Amino acid sequence: MGVEKLQSLRGMVDLLPAQLPAWQHVEAVARDHFRRAGLNEIRTPLLEVTELFARGIGEATDVVGKEMYSFEDRSQRRCTLRPEGTASVVRAVLEHGLLSQGPQRLWYGGPMFRYERPQAGRQRQFHQIGLEFLGAADPRSDAEAIAIAWDLLTALGASGLALELNSLGDANDRAAYRQALVGWLEQRREQLDPEACERIATNPLRILDSKNPATQAVLAEAPLLIDHLSAASRQRFEQVRQLLDRLAIPYQLNPRLVRGLDYYAHTAFEITSDQLGAQATVCGGGRYDGLVEQLGGPPTAAIGWAIGLERLIVLLERAGAAGAAVAVPAVYVVSRGPLAEAMALDLAMQLRRRGQAAELDLSGAAFSRQLKRADRSGAPWAVVIGESEAEQGVVLLKDLLGGGAEQRLSPPAVLAHLTGSAS
RNA sequence: GCGGGCGUAGCCAAGUGGUUAAGGCAGCGGCUUGUGGCGCCGCCAUUCGGGGGUUCAAGUCCCCUCGCUCGCCCCA
């Protein structure tokens, strides 16, 4: 039969005109928050050398191990569509020597790609906005980064938010803890689910995150990372907490919060909402003091986070805080007959040149049809041009919101009337 | 990658093996060859995501496949 219908790839979704006002609203509010916080935008390529993510995110992670869109280009270079933003931002900052100009306060936004099973709030192409402070070691930067995320989400009207906080300590702390945890887990191997057993060798910290109730029950007694922090790490965490208290940002300590990407250290946090179902995390982030060095740069303290826009917009819709409707024209121009139609195009363009949103009806249908559309467009004014008006060089200006009263005016008078200039 | 549910027009949706696939919204045309919001009339699925099978007969049953969805996993 007919030609096979084409459709978008699985997990790749279109954003249609009716949805975009909500997106644009979120983006505008985010931009404004970033501007006031003294952040500068950075844009990096969607496609990067695979090694950037392998080295930056960690080979043992799920994201790198099984979720990347990787392929060889025509010159046999290993390429990957970015699964997250931080590694690219760090690469760009190093490549262009931006750190020599001092600490960098950056934000970014755009599509990310992960080959996962699509689900509510989880697509294969999804969008994040995020910020990165590079060269920021002070505990105040942790609190500031979190506060900016919290303020942004709150300002947008997100509801049911909770901030979960943990400290992962530094590399030494984690090595010590890892040893203690592995020892403890080995003793209880037979009580753990098979997946957890596998992870004892590969990524034991992630076992703490297990959703398996039986495993969680066993883990209730497990040693905690927080108890293996050095005095300095502990003190640092305490400072961050005090600053958050001072900012009146509520949080819950979650000693089991272990972020999936390898580069995190010290502060780790997630902002979740109880309105989102399984994919509850709207914002995730933390400190990644080792990453810059790992990617070939100087030792550089850093912290950042990312917000998932699809999830955020779902959240705003559920909270009834979604954006405005699609654009409404100021004038709807209706015409019939060759002379009138030419005049209508000219008038519409002149209105646009003067800053007005003018919609031109090109259907050539009966006036009743055209006016029906004018009414539905929501425009407060219609300009009506028929053959007799066109011959006399005048147009009718019709008030669609009031009683529908019409004035006969010359084109310059209409322009003056609709653009608010003195008539 | 694993498990459950679902798939009728642009959208919502009736239909539960018997042969012309309800209805509503939107769209298009007309009543009104020049006037909107209301009304009335007409048009809008040779076909039920796609393919195969069972049957005299399939949107309805079976298999495969694609997609959506919910959960697991992971994460934003």
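Keep in mind it's a predicted model, so treat the numbers as computed, not measured. Just so it is clear: chains get the letters A, B, ... in the order the sequence lines come, proteins before strands, and each one is counted from 1.
In this model, a side-chain donor or acceptor of A/Arg117 finds a partner on the base of B/G3 within 3.5 Å. With hydrogens and angles ignored, a donor-acceptor pair under 3.5 angstrom links the side chain of A/Arg311 to the base of B/C75. Contact of A/Arg114 with B/C74 (side chain to base): no donor-acceptor pair of N or O atoms is detected under 3.5 Å.
Between atom CG of residue A/Leu257 and atom CD of residue A/Glu270 there is a gap of 5.0 Å, rounded to the nearest 0.5 Å. From A/Leu225, atom CG reaches atom OH of A/Tyr177 across 6.0 Å, with rounding to the nearest 0.5 Å.
Across all strands shown, the partner of B/C2 is B/G71, judged by Watson-Crick or G-U wobble contacts whose two distances both fall under 3.5 Å. Applying the Watson-Crick and G-U wobble criteria (two distances, each under 3.5 Å), B/G27 pairs with B/C43. Across all strands shown, B/A58 has no partner, as no Watson-Crick or G-U wobble contact with both distances under 3.5 Å is found. The partner of B/U16 is absent, by the rule that a Watson-Crick or G-U pair needs both atom distances under 3.5 Å.
A salt bridge does not link A/Lys372 with A/Asp375: none of the charged nitrogens is closer than 4.0 Å to a carboxylate oxygen. One finds a salt bridge joining A/Glu406 and A/Lys398 here, because a Lys/Arg side-chain nitrogen approaches an Asp/Glu carboxylate oxygen to under 4.0 Å.
The separation of B/G50 from B/C66, taken at their P atoms, amounts to 15 Å, rounded to a whole angstrom. On the C1' atoms, B/U46 is 14 Å away from B/A9, given to the nearest whole Å. A gap of 14 Å separates the C1' atoms of B/C38 and B/U32, to the nearest Å. B/A45 and B/G39 have their C1' atoms separated by 28 Å, given to the nearest Å. Atom P of B/G52 sits at a distance of 14 Å from the matching atom of B/U47, rounded to the whole Å. Comparing the C1' positions of B/C43 and B/G51 gives an interatomic distance of 33 Å, to the nearest angstrom. Across the C1' atoms, B/G15 and B/C56 are found 23 Å apart, a figure rounded to whole Å. Distance check on atom C1': B/C2 versus B/A58 gives 33 Å, rounded to whole Å.
Each of A/Glu310 and A/Met12 was matched to the nucleotide of RNA chain B holding its nearest heavy atom; the match closer to the 5' end belongs to A/Met12. Ranked by how close their nearest RNA chain B nucleotide is to the 5' end, A/Leu9 and A/Arg122 are led by A/Leu9.
At least one side-chain heavy atom of A/Arg117 sits less than 4.5 Å from a side-chain heavy atom of A/Arg10.
Here the C1' atom of nucleotide B/C74 and the OH atom of A/Tyr264 are 14 Å apart, to the nearest Å. As a whole-Å value, the separation of A/Gln370 CD from B/G30 P is 11 Å. One can place NZ of A/Lys66 at 11 Å from P of B/C73, the figure rounded to the nearest angstrom. One interatomic measurement links the two molecules: CZ of A/Arg124 to C1' of B/C66, which rounds to 13 Å at whole-angstrom precision. Taking atom CG on A/Asp14 and atom P on B/G67, their separation rounds to 15 Å, with Å as the unit. Rounded to a whole Å, the CD atom of A/Gln123 is 12 Å from the C1' atom of B/U69.
A/Thr419 and A/Gln356 are not linked by any side-chain donor-acceptor pair at a separation below 3.5 angstrom, with hydrogens and angles left out of the test.
If you check every strand for non-hydrogen atoms under 4.0 Å, A/Gly121 touches a base. If you check every strand for non-hydrogen atoms under 4.0 Å, A/Ala374 touches nothing. Nucleic acid contact for A/Gly11: sugar-phosphate only, since backbone atoms but no base atoms lie under 4.0 Å from a heavy atom of the residue. Here A/Ala382 lies out of heavy-atom contact (under 4.0 Å) with every strand.
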- Task: Would you sort out whether A/Glu84 and A/Arg82 count as a salt bridge (Lys or Arg N to Asp or Glu O under 4.0 Å), showing the intermediate values?
- Result: CA-CA 6 Å; A/Glu84 56 101 49; A/Arg82 64 181 187 193; over 6 Å; no

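Taking every side-chain heavy atom of A/Glu67 into account, B/C74 is the closest of B/C70, B/G67, B/C74. Distance from the side chain of A/Gln119 is smallest to B/G71 among B/G1, B/G71, B/A76.
Listed by first and then second residue, the salt bridge (Lys or Arg N to Asp or Glu O under 4.0 Å) pairs that reach into residues 120-147 of chain A are A/Arg105-A/Glu144, A/Glu116-A/Arg122, A/Asp138-A/Arg140, A/Asp142-A/Arg236, A/Asp142-A/Arg287, sequence neighbours excluded.
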- For every nucleotide of nucleotides 31-42 of chain B, 5' to 3': is a protein heavy atom under 4.0 Å from its base (B), only from its sugar-phosphate (S), or from neither (-)? --SBBBB-----

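When the shell of 6.0 Å around CD of A/Gln24 is examined, it contains more than 12 heavy atoms from other residues, nucleotides or ligands.
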